[in-house]
Structures are given as structure tokens and as C-alpha cells.
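Here the structure comes first, spelled out in C-alpha cells, and everything after it is commentary.
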Amino acid sequence: MEYNFREIEAKWQQYWAENQTFKAENKSDKPKFFVLDMFPYPSGAGLHVGHPLGYIASDIYARYKRHKGFNVMHPQGYDSFGLPAEQYAIQTGQHPAVTTAANVKTYRKQLDKIGFSFDWSREVRTSDPNYYKWTQWIFIQLFNSWYNKTSDKAEDVSTLVSIFEAEGNETVKAACDDEIEVFSAEDWKNYSEEEKQNILLKYRLTFLSETEVNWCPGLGTVLANDEIVNGVSERGGHAVVRKKMMQWSMRITAYAQRLLDGLGKIDWPQPLKDSQTYWIGRSEGAMVSFNVDGFDAKIDVFTTRPDTVYGVSFMTLAPEHELVSKITTAEQKEAVETYVKATSKRSELERMADVKTISGVFTGAYALHPFTGEKVQIWIGDYVLASYGTGAVMAVPCGDERDYAFANHFGLDIPNIFEGIDISEEACSVKEGVKIANSDFLNGLTYKKAMKTIIYEIEKRGIGYGKINYRLRDAVFSRQRYWGEPFPVYYKNGLPQMIDKEYLPIVLPEVEKYLPTEDGKPPLGNATVWAWDVVKNEVVSNDEINNETIFPLELNTMPGWAGSSQYFNRYMDPQNNEDIFSEEAVNYWQDVDLYIGGSEHATGHLLYSRFWQKFMFDKGIVPVDEYAKKLINQGMITGTSAFVYRIEGENKFVSKGLIGDLKVQPIHADVSFVNGSDELDIDAFKNWRAEYNDAEFITEEDGTFKVGREVEKMSKSKYNVVNPDQICEEYGADSLRLFEMFLGPLEQSKPWKTSGISGVYSFLKKLWKLYIVNGEFSVTDEAPTKDELKTLHKTIKKVEDDIANFSFNTSVSTFMIAVNELTALKCNKRTILEPLAVIIEPYAPHIAEELWNKLGNTTSVSCADFPIFEPEHLVESEKEYPVSFNGKMRFKILLPLDLSKQEIEDIVMAHEKTAAQLQGRTPKKVIIVPGKIINIVG
RNA sequence: GCCUCGAUGGCGGAAUAGGUAGACGCGCUGGAUUCAAAAUCCAGUUCUUUCGGGAGUGUGGGUUCGAUUCCCACUCGAGGUACCA
């Protein structure tokens, strides 16, 4: 009876599907456990062996938790809106929904072959109207909310309106647009409805605002930063300019502090937390106002070092700063305008790449130092960014490297305000251990004291206030794309109106072309049926727009991260059509217990989803404000590319070992042509491409042809992609699962080399053989021996420890050791082999089901209890002590474990090998750690 | 530049409270079985050696009876980030 994985795996995959073995109920006496994977984008290329790595790990964990008595939810779905499908549509005219559906089908087939314990009844697809209905709904919730800094949470806009009606906006502390005019309750009452709506828009958590985008006139579209290479579009190399557009934004900045604080209570990888912390970029400092000499104007600056204010010798504004044109003197006008113009032409990327060049222009105007009253020059320089802080800095050249370089370059003053510090070569930017000098009342103070004192003074004199600033920007939420969620928004007199929940979803309209319109409108501008009828409450033809009852709908769509920001909660109750999920479901499942996915989402998906969760928490929709207790980043699996070497100028290939001094050109060969010994299947290579049909091959003496190997990213173009389907076909899903784990630690990146899989494959065959006697499946009911029990319990303990530490690679080794030992012991006993099948099940579920079934069980092994570890089986009476001399192990000695230190020392010192090692010397010291080691020093 | 992670045989990796470095697997070498091959099984496989031993976890220091493990400095590699006032 052979181990026939093809038959076994097909049989159990069918069984699981038919019996819905992994369907999780929303009610259970068991404790809940929610295991989540980052759902995939279904690309046309299908899965390669790198993709399932995290899914296998989470599946092992989910299956283990089921054995431990948990009600486990392990769902899967598709992040099915996205650019590739849209680009394919532009090129071929195929509707993205059609290609996406086909890709999803391929993915599902591939995933099914690997034997995951997914609860497919909970599948979600972000591009499914029944799903994005709720993405639209959350958008509306955000629109109807404002952030009250006093209660420190999001509240309904109605509470804001009540305040406006009672006392105007002066007392309101809100996260809102800058520069909102102060109005009284009386003013509010007198405002027109339109004026009121315009004001409210400045407070809403999602709002319209003018934002700068990378506009590419050549392509008629907006580009993401990573679509721009060297200042031109990646596709086609067209010019890109900065352009302001009215777009939806999300007020994530309102949550900056809470997003930061929340990191303290979740068990996520430190590097990931660090990058979110850095991204949020909290800095403490002060806002200080500088009056402009001779103008009724002031420059506000944010500074983290208000304690160095006496070191200010000039100011620098961003070239885009609104005051620039106002304060520039006639003499400087031309120079300033030229500089401003030159800057606007440089893309942000160019400005960033060019760190070395120092440039700037004097405006001719002066600011008045708020403490000394001295006149300081006002410059503009492109090292100051309009988008951070106030777009202006107070320059303290002695304390800031960039200010120092700028001052040096333009010959500006560099006053020293640090006690006993030499600043003739470089600025001094350290805070600790430096005392302030030449600064009036700050003299002699250290950083901390000076900060306190100066902020107190600044506030007392009314020239500013202490402030915490964040690097985090509000997130632009509009995309000029077709294949994304449409907004549930129409425009009345240019003001956005939300569509009522009962009429959702607003379904993506059909268009002729997926490109932007000729007049530069987003692709939805091509739709002819895209207007909202407020009487019929449905989408109607654009021809009917009368701006009285029928209005134009929003033409932008939502970004990729919209659909992924709440999908984990929707899994709890995915078919609910009345609510995003029932209260009952969310109160049962609460949050994600384990989330596995790639670290590339650190500051995108993983930050935005935390933001939405906090918002939903504020609104009482979800019970917890952090949705994932524990998160693990899986590492990348890289490919091991194969190279053949062609002699330059000839159609002749030379085996790697014979290259010598020959001038050769390395060429990627498909890794499927190469065996485990790095030998090329020459015929397969010849047949690969016509140009190689007649190629000559110089082989090694034994007739083999060796290739070179190199680790690179797995990619089609490098011909190193390995398809999991092929592996499942050749070795089976259980081998694939074991091998992916066996490669190395989950969180590290590691290279894939298919040849290694034979190790886990023969392990499975050996495991199978344990249950076979004389070619037939059979186990005995004999009592187990001490050694057999020891192997079993050692394995139980190690595997449980490994799973707790997400160290799945070492579990596989442990299984191998167990099977090797049981084979050597010729163990064929049910009491050992039955629990063994359960322990292996999370890793190799198909073979485990088959063995369990053949042992006479009628239910799935996935429901079986995990064997209980009994430590008494591991108790030892003897220990083979390593005897070290000066820390180096020299020989071993077998001793009973109950000996005292003195007894051990006496035996060891009397040993002949000890005498040989010491060669007559007297040991200075003998260290004995009972049960561990003996070390003789001397 | 900054932040983070990493570096152990020919290769992937193990050593989970500072205590036998190289578990387990691949590959390789030799042998058994076979007409032969596949498959399977057995033995060996860090380097070096005068076969006693000696050296050895990126480099250089330190702490310790003892360091892959802790501390300091550095080199190289991977990922992220970008003039953040």
C-alpha cells in the first residue's frame, strides 16, 4: 500500500467542501479565535509559491486552535479592485469585472489545491456591490461626523450644529481645516444653507479640498508617486506637473495621537510599529509669530527648538508661501519670481533627490525678532516645504545643519548661543548636555528647562504657544480611475450630497472607454447613465440632469485602501444586507486574534484600517478600537534563478565549470529545466526558443551541463517563478505545506529551491510506512514502551512550543526526528500513532485525515483533541555530561543525575582523560552545573 | 543620511533563560539492492592536521569559569524612509 497523495488529497478536499468542515458559527460555547490573512489581489499571473507562505502559517495556527477547543474563524476573500485589471481593460477593452472574475476563479482553484481550512461561506470581494455597499456606507458615516477634541472622539455633525446654534464656533475645539473664520450664533443663524454647508465641510471627517496631484497631461490622468520615474511618467515617459484638484480627503490627522497611543497595546512587530510611529511623526515644539517689518503681516513658524530663538539670524519661507509675493521688495522682485517659477517646475521628487544643492533668494523684506526686536532677513528656499508645518522656518544656523549650510552659502550671520561649543565647522544640533548662552533670560539653562521657560514666555507675551505637530497628512481619498468604489455622492449647486443608505449600493456604471475623457475628467465622465434622481431615488441618464431633481454624480472613485480598511469586520457577518454586520456577530468575534501578512503594508493599509476602526469605535459600531491583537509579518520567498553561459558572438553554451577565461554572456534559463544538482535539461532548453534549437553545448566530462545560480526576486521576467500547482501535482499539497514551512523562519526572507522538497516528501512516505505492516494498513493495541512514549511526548511539547512562537520550521524537523526514531523503534502501536496523526494534522492535513480514517475514526481529524503532554515521560535518570576545559568541550561522561556537585567533581577529577587534558597542572577552579555542564579551569 | 532587520558548513537552516556549535533537510562521497534506472536502505560529510590534536558562528575589542547568545566599535547585505524646521 503506497502513499498515494493524489488520491488522498483529492478525496479529503472534497470531503471538507461537502461537509463544510471549517464553517465557523457565530454562536458557540467554545471560545472564539479569529485568524486573518491579508487577502490577495487576484492578479492575472496567478499564485506563485511565495504567496501561500503566510496562508499556510495561519492555516496551521487555525487548525491547531481547533484541536485546542476553539471556535475558529479563518476566512478568505479578494481585494479585487485595482489598477492592473483597469490597465488590462484599457489595452484590450475587456471589462475589469470579467477579467477579475476569471482571475478569482484561478486563485480559488490554486488555493483549494493547497488544502486550506478556509470558511469559504464568508468570502468577500471588495468589487462586489454587496460588499462595497458598506464601504460607501462607512464613507457616509465619516461625512456625517466631526472630531471633537474636547471629548476626544468622533461625533455626529448634529452635535456640532447645536454648538454653532448656541454659541457660534469660537469655543469649538475640533480637528478641522486651518483658518476657519470665527462666527457667532447670530452669524450662523443668518447664514444661507449653502454657507452653512460650506462651513460644515471644513469640519467633516471626510471633506472636499484642493490638493496637489501629479498630473500627467500626456496620459490625461493623475499618477501615483511610484508611477513617476525621474520626473516623467513610467508609462510613455510623459511630463508630469503639479496641479491642484478638488478631491475627497480623510481627516486621519484627527486620530494621529490615538493611532500613536494605540500602538502600545497591540502585539505587532516592533519594526512595523516604528515605521508607523515615524510616519505619524509627532514632534513637540511651539508656534511663534514674527512680525514683518513695514507690513501688516506676520509669519507663523513651527519650531521644535523654541529654546534657540535667540540664535535666529534669518527666516526662510517655502517658495510657495502666500506672503512671498506680498512682502518682496521691488529690487528683489525679479529674482524672487524667477526662483519661484523655477521651483514650481521641479517635481517634488527632483527637489527631494537633490539634497546637496543649496539655493534660495532674499525677498528684501525683514522680520522683527519677537524677543530682541532686531531685523532679520526673510529669504525663500526650496528646502522649506510648503506642506509641512506652516511652510516657514525660523533659521537658527548654529543649531540646525540645513540652516547652517544655507547661512554659510549666502554669507549670513551665524550667532552662537551655546555655552562653550565651537560652531566654526558645523552646527550643534544635540539637545542634551548643552547650555544656552547669549539668550537673555535663557542663559545657563539646559534644553529641558529652557524649553519650559521659553514656551511660558512665548505664551505670556502672546506671540505664540506650545504645540504638538504631526508629520502625518490627511489622506487623499479620490482616484481618477474606473475600477474602484463609486462615491455615494451627487452635487447640488456644487455642494456634495450623500445618498441615503436605503438606496445603496451605487453601482459602478458601464463606460465605453476606461480612459479619462478628452476634457480631462475621470473615466466615469464617459458614463452616460450617471445622474441621481432625488425623486425616484435611482441612477438615471445624464440627459435628464436639470439640477432641480436630477443631479450629476461624483466622477472620482475610491482608492485601493478603501475596500481593505474594514474587510476583517465584514467577515463576521458577510451576507448581512441590513447592516454592515450584526451587533451580535461583532460582539461575539470582537477582533482579530492573529493577523498574518506582508510588512509592505506598514504605513498604508495597516494605518488606514486602524484609523477606520477607531472611528467606528467612536460611533459605537465596533466594540474595540484596535482590531488586531497580534500581527506577524511573513518574509518574502525569493527565487533561485538559473543562468546558462553563451560564448560571446557564438550560439554556443558552455557548462559553468568550464568557463575559465572565456568571454560569456549569462542568460536566464527557466528554473524548471534544472535539477537538484544544478544540471540543465539541454533538450528542454533547446526546445524553449527557436534561437536555441541549433545551439551547441559544451558539457562537463561526465556529459552534464551545469548552470549558475543566483537568488533574485521571484518574477516572470527572471524565469524563476515556481507555481504551487506544479508542486502539488508532483509532490502533493502536504509536501508543499511542509516544505514552505521547512524553508526557514516565517518572518525572514528566504530563497526557494524546489530540489529540497524531496526531503519532506520522503518524510511523508516514512510517516505513512509506520502504519503499514506487510503491505497492509495495520496497527497493534500493544502497550507502548518507555522510549516510544518519550518520543511522542517530546514531540507534543516541542510542537506546541513552536506553534506558540510561530516557529513552524523547527516543528517540521521535530516531526522528522519523531518519525526517524519511531521507525528505528519499529513502533506500530495505536497509542503512539493515533496521537501522532493529530499532531501532524495542522501541517499535513490530508495524510493525517487518511491515517485517522484508516485507524477507524469516522469524523474528521480536525475535530480531534490535541494530545495532552505528560512530562513524566521525559524524566531522565542519567545525563551524558560534556566535560570542558577552559570552556572547550573535550570529552563526555555518563553520570546519574542525582549526584551531588562534590560527587561529580570527585568522579571527573579521577577520570583518566582529565589527567591527560591537565598534563600535570592543578585546576584553579571546577564549575559544575548539575544536569548541564562540567567546566575545569586551569 | 536616518530607522529597522540580518550575517553560522557547498546550500536552506538549528541551538526558545550565557552551558556539548552545525539538529533536521538538500547536495555531495562511498556501499547495498537492481540487467540498468527510479525508488529504498546503510555509512560518511565544518575546516585543518604530522591523526595526538588544533581552529572555528561577518571583523576588532570587552564582560564571564564559559559567548552564535550580553555590551562597545566597525564591515557587508536586505527592506523602509526621505531636506519634517
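Here is how names work: the chains are called A, B, and so on, in the same order as the sequence lines, proteins then strands, and each is numbered from 1. What you see below is based on every heavy atom in this structure, not just the backbone, and it leaves out hydrogens, waters and symmetry mates.
- Among the atoms of the strands shown, only primed sugar atoms or phosphate atoms (P, OP1, OP2) are found under 4.0 Å from some heavy atom of Asn820(A).
- The side chain of Tyr388(A) approaches A85(B) more closely than any other nucleotide in the set C24(B), A85(B), G13(B).
- For U81(B), neither phosphate oxygen OP1 nor OP2 lies less than 4.0 angstrom from any side-chain nitrogen or oxygen of Tyr278(A).
- Counted within 6.0 Å of NZ on Lys794(A), heavy atoms from surrounding residues, nucleotides or ligands total more than 12; the atom is thus considered enclosed.
- Among the heavy atoms of the strands lying under 4.0 Å from Ser762(A) are primed sugar atoms or P, OP1, OP2 only; no base atom is included.
- In this structure, Ile927(A) reaches the bases: a heavy-atom distance under 4.0 Å links it to at least one base atom across the strands shown.
- Residue contacts for Pro745(A): at a heavy-atom cut-off of 4.0 Å it reaches the sugar-phosphate backbone alone, with no base atom in range.
- For the pair Asp307(A) CG and A85(B) P, the computed distance is 13 Å after rounding to whole Å.
- Residue order along RNA chain B, read from the 5' end via each residue's closest nucleotide, puts Asp274(A) first among Tyr470(A) and Asp274(A).
- As judged by a 4.0 angstrom heavy-atom cut-off over every strand, Lys879(A) is placed among the base-contacting residues.
- Between Lys765(A) and U40(B) there is a side-chain polar atom (N or O) within less than 4.0 angstrom of OP1 or OP2.
- Looking at which nucleotide of RNA chain B each of Lys888(A) and Thr810(A) is closest to, the 5′-most match is held by Thr810(A).
- Closest to the side chain of Val384(A), out of A85(B), C24(B), G27(B), is A85(B).
- Counting only heavy atoms from C-beta on, Lys769(A) has its side chain closest to U40(B) among G12(B), G19(B), U40(B).
- Under the Watson-Crick and G-U wobble criteria, each requiring two contacts below 3.5 Å, nucleotide C47(B) is paired to G54(B).
- Ser641(A) and Asn720(A) share a side-chain donor-acceptor pair at under 3.5 Å.
- Distance, Lys932(A) NZ to A21(B) C1': 16 Å, rounded to whole Å.
- Within the cation-pi definition used here (under 6.0 Å to the ring centroid, within 45° of the axis), Lys797(A) qualifies as a partner of Phe869(A).
- Listed for the Asn469(A) side chain is no donor-acceptor partner under 3.5 Å among the backbone atoms of Ser283(A).
- For G54(B), the OP1/OP2 oxygens have a side-chain nitrogen or oxygen of Arg890(A) closer than 4.0 Å.
- At the heavy-atom level, Asn935(A) lies under 4.0 Å from base atoms of the strands shown.
- Atom C1' of nucleotide U40(B) and atom CD of Glu2(A) are separated by 10 Å, given to the nearest angstrom.
- Against the 90° criterion about 0, the sugar-base torsion of G60(B) places it in the anti range.
- Note on Ser275(A): nothing from the nucleic acid sits closer than 4.0 angstrom, heavy atoms only.
- Nucleic acid contact class of Thr304(A) (heavy atoms, under 4.0 Å, all strands): sugar-phosphate only.
- Other residues, nucleotides and ligands contribute more than 12 heavy atoms inside 6.0 Å of the CD atom of Glu878(A).
- Regarding Glu747(A), its CD atom lies at a distance of 19 Å from the P atom of G12(B), rounded to whole Å.
- Contact annotation for Thr603(A): no contact, since no heavy-atom pair falls under 4.0 Å across all strands.
- Taking the six-membered ring for Trp and thresholds of 30 and 60 degrees, Phe406(A) and Trp379(A) have ring planes more than 60 degrees apart, a perpendicular arrangement.
- Ion pairing between a basic and an acidic side chain is recognised when a charged N comes within 4.0 Å of a carboxylate O; Glu2(A) and Lys765(A) show no such pairing.
- Across the P atoms, G56(B) and G62(B) are found 15 Å apart, a figure rounded to whole Å.
- Rounded to an integer number of Å, the gap from NZ of Lys273(A) to C1' of C3(B) is 16 Å.
- Contacts of Val937(A) with the nucleic acid, taken as non-hydrogen atoms under 4.0 Å apart, involve only primed sugar atoms and P, OP1 or OP2.
- Taking only side-chain nitrogens and oxygens, Lys925(A) comes nearer than 4.0 Å to OP1 or OP2 of C65(B).
- Between atom OG1 of residue Thr304(A) and atom CD of residue Glu284(A) there is a gap of 10.5 Å, rounded to the nearest 0.5 Å.
- In this structure, of G19(B), U20(B), A55(B), it is U20(B) that holds the atom nearest to the side chain of Lys892(A).
- Taking atom CD1 on Ile928(A) and atom C1' on G66(B), their separation rounds to 14 Å, with Å as the unit.
- Rounded to whole Å, the distance from CD on Glu712(A) to P on G79(B) is 12 Å.
- Separating the CG atom of Asn805(A) from the P atom of A15(B) is a distance of 10 Å, rounded to the nearest angstrom.
- OP1 or OP2 of A14(B) lies within a sub-4.0 Å distance of a side-chain N or O belonging to Asn809(A).
- Glycosidic conformation at G53(B) (O4'-C1'-N9-C4 for purines, O4'-C1'-N1-C2 for pyrimidines): anti, more than 90° from 0.
- For U59(B) and A55(B), the P atoms lie 16 Å apart once the distance is rounded to whole Å.
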